[in-house]
Amino acid sequence: MIIMTKELAKNFDSKEAELRLYQLWEAGGFFNPDNLDLPENTPSYTIILPPPNITDKLHIGHAATLAIEDLFVRFYRMSGFRTLWIPGTDHAAIATQTAVEKKIKREENLTRQQLGKPEFLKRVDVFVKETQAVILNQVRQLGSSLDWSRLAFTLDAPRQTAVKELFVRMHEAGLLYRGERIVNWCPRCQSTLADDEVEHQEQQAKFYTFRYASDFPIVIATTRPETKLGDTAVAVNPKDKRYSQYIGQEFTVDFCGQVLKIKIIGDRHVDMAFGTGALGVTPAHSAIDWQMAEANHLPIIKVIDEQGKIHDGFGRFSGLSALEAREMVVEDLKNNNLLVSEEDISNNLSVCYRCDTPIEPLPSLQWFMSVDTPVAHLGGKSLKAKALEAVESGELEFLPARFQKKYQDWVINLKDWCVSRQIWFGHSIPAWYKGTEVYVGRTAPVGDGWVADQDTLDTWFSSGMWTFSTLGWPDTFAGGVKSGDLLRFHPTQVLETGYELITLWISRMVILSYFAVGELPFTKTYLHGMVLDVYGKKMSKSKGNGIDPLIVGETYGMDAVRLSLLSGITAGNDSKYHEEKTAVARNFVNKLWNVSRFILTQAPEPLVVNKAELTLADAWILSRLESVKISVTDSLTKYEFSAAAEDLRVFTWDELADWYLESTKFMSGQSTPAVLRYVLLEILKLWHPFIPFVTEELWQATGEGGYLIVVPWPKANQDYLSTEAEKDFAILKSVVVAIRTVRSENKLDPTKKLPAIIYTKQTELFESVKVLLKSLRTGVDDITIAKTGEAPADALYCQTAEAEIYLPVTVDKTEEIARLTKNEQEVKAFIDRLEKQLANAEFVNNAPTTVVNKERNRLVEFKDKQTALAQALAKLKNLL
RNA sequence: GGAUAUGUAGCUCAGUUGGUUAGAGCGCACCGUUCACAUCGGUGAGGUCACAGGUUCGAAUCCUGUCAUGUCCACCA
């Protein structure tokens, strides 16, 4: 066999290598587990890529997600699992529609209504294809080992079929119903929003305190006087003595020219201390008021319409915007002397999370998913009950564990989910209407006069199905039995995503998977923190503080980008991103490259380690390698990848490069080249999940054959573990460091060679590493080793736990004296401080134990200082 | 208002169930470069582990409180 080792360049050319290597892996079919010849009983390891929204290209946060997941996937693939990582993108209904609307407005100054639905959807389609291509290309460039043969889109044909099917089945099970409820309405998007799609912005508002009419007994307060046109009651706390006498009474008032019938009701939710302690109930425009209205059978009067304008039937107010109407109402109140006060308060304004338009709560006919209805095939339990059971039974695990509480709190308060949206882009709802008749089915009903539902589904409906809709459901679940991909890969092993998606996404996946497949979508969730900018602020397009991972990658290489995003982070905690981090990671990649380059010149061909021929350094590095394998594998299994990277970095840079490689330059045994090569091959494997490109490139250079991406994960060789070797080498290191330090402290000329006298009990060990003691930048030659002996007259002295070292040399004593004098002064200052503290100690006498403990500690320190002082003085005398 | 997290070196962060002298990287100071790597090597300085109590033989770590910062949820009628 002839092994050709490529001559390696001085630095890794990441730009040249990345695309070539990715194509190599893809052509090799390694991303698709079906191509790997795995035994039938091989356990699966499945991850779904959280499908990025196709609204925009990827940012550094996405890169972090991809780096983390690719790390998991590569680790498990090498560990022999049937590993599948499914790629996809999310149509992000409302977000995409908004993005395209803005684009059309900007470029053509047209609204979607002006374009019309068919034309608008065509534009969306073009937009989707463009951004999708950009995103998927970015994902590839980061080296993500995704199985592209299973690429999915939340709105492609298979997903449309699946969504339709699930909707029909849930409707049949009585879980989907249509009803009029107060919804969050965005007048700009012209659509409902889920509760968690509503954001709150602090703002200054006017808080008006007033009476409906002069003959009305109760004063109420509001920030939105215009909605009071629809009031049907005033609610007070039943315990409130000011108002309890009125409860049950009904008043007819003339409010700004509108006749209102106001009933006084008692409700314990009313806060007596807020405002006037009385609340005008507007059932149509407040969720809480709606509930009160239902409880008290109050009529509902709609004031504001879907455009944010006042409905017909309100006289001069009709047709005005809410704000215009508000001003007029206030004016009216003032004129009629009904306004008691007007004060500035700060309150939270609810706005649309996509367009920041203030949302308008109003009643609307929508589709809802019931979370409380018992489901027959789930043992009569509701979706909510199952979602809770998942964590209470411990079946669904959160990492970090604290997020379990967040999930639970949210599920406990879960209300029926409004799944319909009045936007154009998205999954259509498989429902048809004829008069009051409603038909839900896979295809349109036969007969004339049926009108298809014009709404679309909440985007989380389709992303909630992601674990099984990407695995062939419903076809792979015929007859309620899993088959094919679904059988092999579901439930997935871990869901890796940001903690902000616990409620929006994770909970929905749990619910929908239970209903559709009868099992959890995954058993573990790993939640990463957000990548923030240098100042700890969220990155966003509007702030312009976003970072494009590919641009950083151009400069430093994708391996460096990945490694910098994987280092120094912990689960669930945000991290700040500095470009310097990537530069540091690039330096490491360069170090690994050069370590490899050096080793491959020493050992260009496969060699066999012979344990009988090992030098101390050989035995030491082998033992350290095996320990590192164990700790790294353990950390990765526990998803503690930053710790694993840190262990590997220390091993590679400090132990391998700085100590072992240096030592082999001066002391090489028969097996040293074999050891060098073995260590290199093993660390390439260990590093591969973190920095796949450079490690694969180096693997190819070793001539070992095959592809690192599918090389088996290293197992620890217990035979190489040696506490003896680790201990002995540690002794050597400590002596070398001690000599270097004492020379540096005394500012000796580094090129000046000195003799050394070493007194140690371990003479044999020291004799055997004499050459290293001389060579490893100690500037020492002619070493005398003895068990005991006299201290030379003029010599630098240092010691370690195992040895006393003298370097005979004449040094300039003035510097030494200065240092000792400084030491003396420090000790004196300390004694002064201590005396003061002891003098003032009385006032803390109420905590005697602590004082005693503290004083004890201080005395120990004091004793040490005194010893140091005595030594310093003794030396000072000698010098003088 | 509720929940949750964070506070460790100038900066970014580790610190695994409480256990020797609290660590790393960057930055800084000094020294060094023909010999794998200046994207490098060596040495060093730099810490009241936010603050105050408590538990313990022993606390960065556990408990209580205070302060500061961040995030999420709810509400503001």
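Quick note on labels: first sequence line is chain A, next is B, and so on, each numbered from 1.
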Quick one: side-chain hydrogen bond (donor to acceptor under 3.5 Å, both in side chains) partners of [X], sequence neighbours excluded?
| X | value |
| --- | --- |
| Asp658(A) | none |
| Lys753(A) | none |
| Tyr577(A) | Thr582(A) |
| Ser596(A) | none |

Tyr407(A) and Trp410(A) aromatic centres sub-6.0 Å
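For Tyr407(A) and Trp410(A), the ring centres are not under 6.0 Å apart.
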Phe651(A) ring center within less than 6.0 Å of Trp659(A) ring center:
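So the answer is no for these two rings.
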Report the relative orientation of the aromatic rings in Phe255(A) and Tyr212(A); use parallel for angles under 30°, tilted for 30 to 60°, perpendicular for over 60°.
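Answer is perpendicular, since the angle exceeds 60°.
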Does OP1 or OP2 of [N] have a side-chain N or O of [X] closer than 4.0 Å?
| X | N | value |
| --- | --- | --- |
| Thr570(A) | rA14(B) | yes |
| Thr223(A) | rA77(B) | yes |
| Ser575(A) | rC13(B) | no |

[N] [atom2] sits how many Å from [X] [atom1], rounded?
| X | N | atom1 | atom2 | answer |
| --- | --- | --- | --- | --- |
| Gln408(A) | rC73(B) | CD | P | 18 Å |
| Glu500(A) | rU4(B) | CD | C1' | 15 Å |
| Leu501(A) | rU71(B) | CG | C1' | 14 Å |
| Tyr577(A) | rU12(B) | OH | P | 16 Å |
| Leu565(A) | rU12(B) | CG | P | 17 Å |
| Lys581(A) | rC11(B) | NZ | P | 15 Å |
| Ile412(A) | rA74(B) | CD1 | C1' | 15 Å |
| Lys576(A) | rG70(B) | NZ | P | 11 Å |

Is the closest side-chain donor-acceptor distance between [X] and [Y] under 3.5 Å?
| X | Y | value |
| --- | --- | --- |
| Tyr208(A) | Glu343(A) | no |
| Asn587(A) | Tyr556(A) | no |
| Ser341(A) | Thr209(A) | yes |
| Asp634(A) | Ser631(A) | no |

Fill in the dot-bracket string of RNA chain B, one character per base: . for unpaired, | for a pair to another strand, ( ) or [ ] for pairs within the strand, taking Watson-Crick or G-U pairs under 3.5 Å.
(((((((..((((.....[...)))).(((((.......))))).....(((((..]....))))))))))))....
Side chain of Lys538(A) only, heavy atoms from C-beta on: which candidate in rC75(B), rU71(B), rU4(B) is closest?
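Side chain of Lys538(A) sits closest to rU71(B).
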Any idea which of rC72(B), rA3(B), rA77(B) is nearest the Lys405(A) side chain?
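Looking only at side-chain atoms, Lys405(A) lies closest to rA3(B).
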Distance, [atom1] atom - from [M] to [N], rounded to whole angstrom:
| N | M | atom1 | answer |
| --- | --- | --- | --- |
| rU71(B) | rC30(B) | P | 41 Å |
| rG54(B) | rU61(B) | C1' | 15 Å |
| rC35(B) | rC40(B) | P | 16 Å |
| rA24(B) | rG47(B) | P | 15 Å |
| rA59(B) | rA74(B) | P | 43 Å |
| rC63(B) | rU56(B) | P | 16 Å |
| rC13(B) | rU8(B) | C1' | 9 Å |
| rG41(B) | rU34(B) | C1' | 15 Å |

Would you classify Thr741(A) as touching base, sugar-phosphate or nothing, given that sugar-phosphate means primed atoms plus P, OP1 and OP2, and contacts are heavy atoms under 4.0 Å?
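Here Thr741(A) touches the backbone only, sparing every base.
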Select base, sugar-phosphate, or nothing to describe what Val589(A) touches, counting heavy atoms under 4.0 Å on all strands.
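The answer is nothing, as Val589(A) stays clear of every strand by at least 4.0 Å.
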Using a heavy-atom distance cut-off of less than 4.0 Å, which residues of residues 526-533 of chain A contact RNA chain B?
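Hits under 4.0 Å, by residue number: none.
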Using a strict heavy-atom distance below 4.0 Å, which residues from residues 225-234 of chain A are in contact with RNA chain B?
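RNA chain B contact set from residues 225-234 of chain A: Lys228(A).
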Polar atoms only, N or O, under 3.5 Å: list the protein pairs with nucleotides 6-10 of chain B and their distances.
none

I'd like to check [X] versus [Y] (side-chain heavy atoms, cut-off strictly below 4.5 Å). Are they in contact?
| X | Y | value |
| --- | --- | --- |
| Leu388(A) | Gln408(A) | yes |
| Leu773(A) | Leu732(A) | yes |
| Val780(A) | Ile739(A) | yes |
| Phe666(A) | Leu776(A) | yes |
| Val736(A) | Lys733(A) | no |

Between Leu333(A) and Arg211(A), what is the shortest heavy-atom contact and its length?
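Minimum heavy-atom separation between Leu333(A) and Arg211(A): CD2-O, 3.8 Å.
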Set of residues satisfying salt bridge (charged side-chain N to carboxylate O under 4.0 Å, His left out) with respect to Lys228(A), sequence neighbours excluded:
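Lys228(A): salt bridge (charged side-chain N to carboxylate O under 4.0 Å, His left out) contacts with Asp231(A).
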Residue mapping more 5' on RNA chain B - nearest nucleotide basis, Ile569(A) or Phe588(A):
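On the 5' side of the pair lies Ile569(A).
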Base contacts versus sugar-phosphate-only contacts with protein, heavy atoms under 4.0 Å: please encode nucleotides 31-38 of chain B as B, S and - from 5' to 3'.
S----BBS
Distances for protein N/O vs nucleotides 25-29 of chain B N/O pairs under 3.5 angstrom?
none

Taking the six-membered ring of Tyr246(A) (Phe, Tyr or Trp), confirm whether the NZ or CZ of Lys263(A) is under 6.0 Å from its centre and within 45° of its axis.
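That pair does not qualify as a cation-pi contact.
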Apply side-chain contact (heavy atoms from CB on, under 4.5 Å) to Asp533(A) and list each qualifying residue two or more places apart in sequence or on a separate chain.
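Asp533(A) satisfies side-chain contact (heavy atoms from CB on, under 4.5 Å) with Tyr535(A), Lys537(A), Met539(A), Asn545(A) only.
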Considering only NZ, NE, NH1 and NH2 on the basic side and carboxylate oxygens on the acidic side, decide whether Arg740(A) and Glu745(A) come within less than 4.0 Å.
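Salt bridge flag = no for Glu745(A) with Arg740(A).
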